[in-house]
*Asks:* 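If you scroll down you'll find the structure; I have some questions about it.
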Protein chains: 2
Amino acid sequence: MKRPTIADIAREAGVSKGAVSYALNGQPGVSEETRRRILAIADRLGFRANSAARALAGAHAKVVGLALPRPPATLGVEPFFMELISGLEAELSTRSYALLLQMVPHEAEEIDFYRRWWSESRVGGVLVCDLRVHDERVRALRELGLPAVAIGPPSAAGGLASIWSDDDVSMVEAVEYLAALGHRRIARVGGISELAHTALRTKAFDEVCARLGLSARTVPTDYSAEDGARATRLLLGAPDRPTALIYDNDIMAIAGLTTAQELGLSVPADLSIVAWDDSPICHLLHPPLTALTRDIGAYGVHAARLLLSAMDGAPAGDVHGEPAHLTPRGSTAPPMVEM
Amino acid sequence: MKRPTIADIAREAGVSKGAVSYALNGQPGVSEETRRRILAIADRLGFRANSAARALAGAHAKVVGLALPRPPATLGVEPFFMELISGLEAELSTRSYALLLQMVPHEAEEIDFYRRWWSESRVGGVLVCDLRVHDERVRALRELGLPAVAIGPPSAAGGLASIWSDDDVSMVEAVEYLAALGHRRIARVGGISELAHTALRTKAFDEVCARLGLSARTVPTDYSAEDGARATRLLLGAPDRPTALIYDNDIMAIAGLTTAQELGLSVPADLSIVAWDDSPICHLLHPPLTALTRDIGAYGVHAARLLLSAMDGAPAGDVHGEPAHLTPRGSTAPPMVEM
DNA sequence: TACCATCGGTTAACCGTTGAAGCTCAGGAG
DNA sequence: CTCCTGAGCTTCAACGGTTAACCGATGGTA
């Protein structure tokens, strides 16, 4: 009836609790034969280690933490995080790790949670999202000694293991594609400018535009649909309005499409639109959005693997994910000749 | 340096560990004066109970579990869950409870997780989503004795505490609104028919249509955009095509809008569309979608409260949430007279 | 033969909290 | 004066693992 403990296994196998522990954890100290016998009994009894006892005894709990520094309201909208979490889960659950989720208003509280989780040995490691250019959290994690993986560029990860993709490659691909269509005035509705990857994208955008002799302008936003619409109106109201817009997330691109249509512009005839990140909604729109597509779930899988090996004491390695690639759809076309 | 334990507090206060435990947990057995002294010291030392030790000693861990029985791929799309999680978090974090998230392919695995979590005392309670008409999980939870709250109609909750809203009220509101506009042929793109709330909606839809003398037809789907598009094509291809469609989620409504437009139908002139659940994207579309709006975050908050009190041994109570209300937008209008 | 390393285990301490049981002391009843 | 009661603590044994330290047997080496 009650769940079996190592003591039950030990009794059954005629060995001590310690031997069982060694056998189950693949540690030396038991013969191969005894180990097999113990494992067979554990299996037959349906044994599962009690995570509380394990954590108490000093080993890490098989739990990883994820704190999302977003106000709860904006999160519902972001497909990115849900896909990321799906990917994390896919990897974690096969190794029977659990994911502890926490939403926090700001990065300061996030550090509090890390500290707390670690001291209460609630988690064995954590994932950090939305890296800032100079990120307090990275420093705090290092001095806590809490195993962590950053989801973001290594330049901002400050020595933490990180998983990232070459956003600059993708940016170049998008801009060159638009330039090849004949666009000369390309603008960008950027993300939160303090974030490390936004900075990288801005730099890449400026550089490639300069190289191709194009005018480049980035308007920063807070990633919300409202701000995306505002930025779109701002850019399209300028005297030399751009003929193509690149949006730093899909939500803003959708809002931008609607805004442009409200302003009487036809997409793609009057304005081309590229979305960064490709949610299923993008190809349900009218016209379907050309997007920079990447496998966010795969990101999550890699991040989870990286974290698990960091928790095993592996040195911090960076995983270089596949960069986002352009999926041309109906929202991009050559600009109408009107100059 | 190290985190203080109750032993540290006990030493400092000159009492035993037991006394400290009583004092911190508000149990009788210590004098009011000693309790105050102990609490002051605990506060000064920044004491936080070690969750592993607490869980091991039999008290429940301050963690609640949420298993989502969806294949990871479809989840990224559903704004519903993210908003629900936001709401849960909002309430849980103020009481310093954590949320353990697990995605499972099917309900069977979900039961395994409940069993595991409970036996490992990882969680103190769980939330159950997507109730089926006859739900195995409910039975399993009851016999486990694991505190749980169902998010769904009490008729399917089998005695578990539940949080729900009157979907039939909302359905009546939507159909009466369309009927008042002059629609006579209304069809519905429904959700997964095994789910309890889908069944309730179907019943309500059939009843109100019968009462108003309208033709009613529901096509079940798996909630995905693709299936929503398929159902839309099916319904619009029928000889007496409906002049209004009600979709059981926002994703399918978006897909339906696109599908209708591809078929050469103008919305709302040729076809009116109502979406159940109102994500921010709904009013970014062209035309913006008329939707049944409800505060999903508030659902989450209530669910969390209900669960915490169930974990305190409170009897199962049902919370009756505010039903979804119609937000008329551009996707609904009187039907063109063509008969 | 004496010494030592290795293997395969056992033993017991330990992690921090809980709570039952036991102890002490003061006050009231008989 | 003795007995009983109960408040207020202390003591101690779980809870279920992990792990350092120890131990006996075996085998190789000087």
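Below, chains carry the letters A, B, ... as their sequence lines are ordered, and counting in each starts from 1. These numbers were taken from a predicted model, which means no experiment stands behind them.
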*Asks:* Could you tell me whether A:Val15 contacts a base, only the sugar-phosphate backbone, or nothing, with contacts defined as non-hydrogen atoms closer than 4.0 Å?
*Replies:* sugar-phosphate
*Asks:* If a pair satisfies salt bridge (Lys or Arg N to Asp or Glu O under 4.0 Å) and one of its residues is in residues 18-32 of chain B, list it, with sequence neighbours excluded.
*Replies:* B:Glu32-B:Arg35
*Asks:* Output the rounded distance in Å from CD1 (B:Ile6) to P (C:dC15).
*Replies:* 12 Å
*Asks:* Provide the full list of salt bridge (Lys or Arg N to Asp or Glu O under 4.0 Å) pairs with a residue in residues 138-151 of chain B, sequence neighbours left out, each pair given once.
*Replies:* B:Glu136-B:Arg139, B:Arg139-B:Glu143
*Asks:* Identify all pairs in which a protein N or O lies below 3.5 Å from an N or O of nucleotides 19-21 of chain D, and state each distance.
*Replies:*
unit_1	atom_1	unit_2	atom_2	d
D:dA20	N7	A:Tyr22	OH	3.3
D:dA20	N6	A:Tyr22	OH	3.1

*Asks:* For B:Glu33, enumerate each residue passing the salt bridge (Lys or Arg N to Asp or Glu O under 4.0 Å) test, keeping only those at least two apart in sequence or located in another chain.
*Replies:* none
*Asks:* Under the side-chain contact (heavy atoms from CB on, under 4.5 Å) test, which residues partner B:Ser51, sequence neighbours left out?
*Replies:* A:Glu120, A:Arg122
*Asks:* Give me each pair satisfying ring-ring contact (aromatic ring centres under 6.0 Å, His included) with a member in residues 132-162 of chain A, each pair once, sequence neighbours excluded.
*Replies:* none
*Asks:* Extract all donor-acceptor atom pairs below 3.5 Å that involve side chains of residues 98-110 of chain A and protein atoms in other chains or at least two apart in sequence.
*Replies:*
unit_1	atom_1	unit_2	atom_2	d
A:Gln102	NE2	B:Glu89	OE1	3.2
A:Glu107	OE2	A:Arg132	NE	2.7
A:Glu107	OE2	A:Arg132	NH2	3.4
A:Glu109	OE1	A:His106	N	3.4
A:Glu110	OE1	A:Arg137	NH1	3.0
A:Glu110	OE2	A:Tyr114	OH	2.4
A:Glu110	OE2	A:Arg137	NH1	3.1

*Asks:* Taking five pairs at each end of the helix from C:dT1-D:dA30 to C:dG30-D:dC1, what angle separates the two helix axes (nearest 10°)?
*Replies:* 60°
*Asks:* Determine which pairs satisfy salt bridge (Lys or Arg N to Asp or Glu O under 4.0 Å) with at least one residue from residues 147-158 of chain A, sequence neighbours left out, and list them in order.
*Replies:* none
*Asks:* Tell me the salt bridge (Lys or Arg N to Asp or Glu O under 4.0 Å) pairs involving residues 42-63 of chain B, sequence neighbours left out?
*Replies:* B:Glu12-B:Arg44
*Asks:* With a 4.0 Å cut-off on heavy atoms, is A:Thr5 in touch with a base, just the backbone sugar-phosphate, or nothing at all?
*Replies:* sugar-phosphate
*Asks:* Would you list the protein and nucleotides 23-28 of chain C atom pairs, both N or O, that sit under 3.5 Å from each other?
*Replies:*
none

*Asks:* With under 30° as parallel and over 60° as perpendicular, where do the rings of A:Trp164 and A:His320 fit, or are they tilted in between?
*Replies:* tilted
*Asks:* Taking the nucleotide of DNA chain D with the nearest heavy atom to each, does B:Glu32 or A:Asn50 sit closer to the 5' end?
*Replies:* B:Glu32
*Asks:* Let me know the distance between CG of B:Asp8 and P of C:dC15, rounded to the nearest Å.
*Replies:* 11 Å
*Asks:* Please report, rounded to the nearest Å, how far the C1' atom of C:dG16 is from the CZ atom of A:Arg122.
*Replies:* 14 Å
*Asks:* Could you tell me whether the side chain of B:Val149 reaches within less than 4.5 Å of the side chain of B:Ile163, counting heavy atoms only?
*Replies:* yes
*Asks:* Give the rounded distance in Å between these two atoms: CG of B:Leu24 and P of C:dG16.
*Replies:* 15 Å
*Asks:* Could you check which of D:dT10, C:dG9, C:dG16 has an atom nearest any side-chain atom of A:Ser31?
*Replies:* C:dG9
*Asks:* Can you check whether B:Met82's main-chain N or O pairs, donor with acceptor, with B:Ser86's side chain at less than 3.5 Å?
*Replies:* yes
*Asks:* According to a strict under-4.0 Å criterion, is A:Arg54 in side-chain N/O contact with OP1 or OP2 of D:dT18?
*Replies:* yes
*Asks:* Give me the residues of residues 35-45 of chain B where at least one heavy atom lies under 4.0 Å from an atom of DNA chain D, by number, or none.
*Replies:* none
*Asks:* If I compare all heavy atoms of A:Ala161 with all of A:Ala316, which pair ends up nearest, and what's the gap?
*Replies:* N-CB, 3.5 Å
*Asks:* Tell me the interatomic distance from B:Leu56, atom CG, to D:dA14, atom P, rounded to whole angstroms.
*Replies:* 13 Å
*Asks:* Give B:Ala49 one of three labels, base, sugar-phosphate or nothing, depending on what nucleic acid heavy atoms sit under 4.0 Å from its own.
*Replies:* sugar-phosphate
*Asks:* When rounded to the nearest 0.5 angstrom, what distance separates CH2 in A:Trp118 from CG in A:Leu141?
*Replies:* 10.5 Å
*Asks:* Can you confirm whether A:Ile85 sits close enough to B:Phe81 that some side-chain heavy atom of one is under 4.5 Å from a side-chain heavy atom of the other?
*Replies:* no
